[in-house]
Amino acid sequence: MNYWLLKTEPETFGIEHLKKSPKQTTPWEGVRNYQARNFIREMAEGDLAFFYHSSCKVPGIVAIVEVVKKAYPDATAFDPDSSYYDSKSTPEKPRWSRVDVKLVEPLKEIITLTELRERTKLKEMVLLKPGNRLSVMPVTKGQWSEICKMAGTEIQ
DNA sequence: GCCAACGTTGGC
DNA sequence: GCCAACGTTGGC
């Protein structure tokens, strides 16, 4: 059982979009970074992830989601009309992967980036490392519990 | 295989 | 809107 953090821009696809998605489930697609893709491929069904809003007024964690389908080819890469199109990825040799995630619990209140930075126990988080730009990253069990404590939730 | 140039990310 | 940090590209 592993824990993750998924970054997204709320204007593009935020918690409000996820809530309205069929079965509150969505493919996590459009990842075009090898390191992030490799993390996606490591995900197993049942893994949990924080849903993080970036590039917005108040960046932070807004929900907990669960991986409900493990990595499979990201077909948006095959579609010339998609903004995620990648001519080097083909159905025969898919370069990119996606997983499906399902909303487990929206947090009552956002846990802001500032609050995360204030926690000594979290200073090793990948998210908080200077210059970090990964959109998919691992979270340790210790970090997960600490953040759940902050959120007043106990999903582990 | 090096590395400069460029584009993107994302907090502030 | 700024800018630092980083990944990618492409010429050599």
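Just so we're on the same page: letters track the sequence lines, and every chain starts at 1. Heavy atoms only: backbone and side chains are in, while hydrogens, waters and symmetry mates are out.
- A straight line from CG of A/Leu128 to C1' of B/dG11 spans 12 Å, rounded to a whole angstrom.
- The A/Gln35 side chain lies nearest to C/dG7 when the options are B/dG10, C/dT9, C/dG7.
- Considering only side-chain atoms of A/Arg117, the nucleotide from B/dG11, C/dT9, C/dT8 that sits closest is B/dG11.
- For A/Arg133 and B/dG7, the CZ to P distance is 14 Å, given to the nearest whole Å.
- Dashed line: the shortest gap from a side-chain N or O of A/Tyr52 to OP1 or OP2 of B/dT9 is not under 4.0 Å.
- Atom-to-atom, CG of A/Leu6 to C1' of B/dG10 comes out at 17 Å; the value is rounded to the nearest Å.
- Classified by interplanar angle (parallel below 30°, tilted 30° to 60°, perpendicular above 60°), the ring pair A/Phe51/A/Trp28 is perpendicular.
- With rounding to whole Å, A/Lys129 atom NZ is found 17 Å from B/dG11 atom P.
- A straight line from OH of A/Tyr34 to P of C/dG7 spans 14 Å, rounded to a whole angstrom.
- Rounded to a whole Å, the NE2 atom of A/His53 is 16 Å from the C1' atom of B/dG11.
- For A/Lys69 and A/Tyr72, the positive end sits near the middle of the six-membered ring, less than 6.0 Å away and at most 45° from its axis.
- Residue A/Arg32 contributes atom CZ, which lies 12 Å from atom P of B/dT9 at whole-angstrom precision.
- Taking a cutoff of 4.0 Å between a charged side-chain nitrogen and a carboxylate oxygen, A/Glu45 and A/Lys70 do not qualify as a salt bridge.
- With C/dT8, C/dT9, B/dG11 as the choices, the nucleotide that has an atom nearest any side-chain atom of A/Leu113 turns out to be B/dG11.
- The nearest whole Å value for the distance from the CE atom in A/Met137 to the C1' atom in B/dT9 is 12 Å.
- Between A/Trp96 and A/Tyr84, the gap from one ring centroid to the other reaches at least 6.0 Å.
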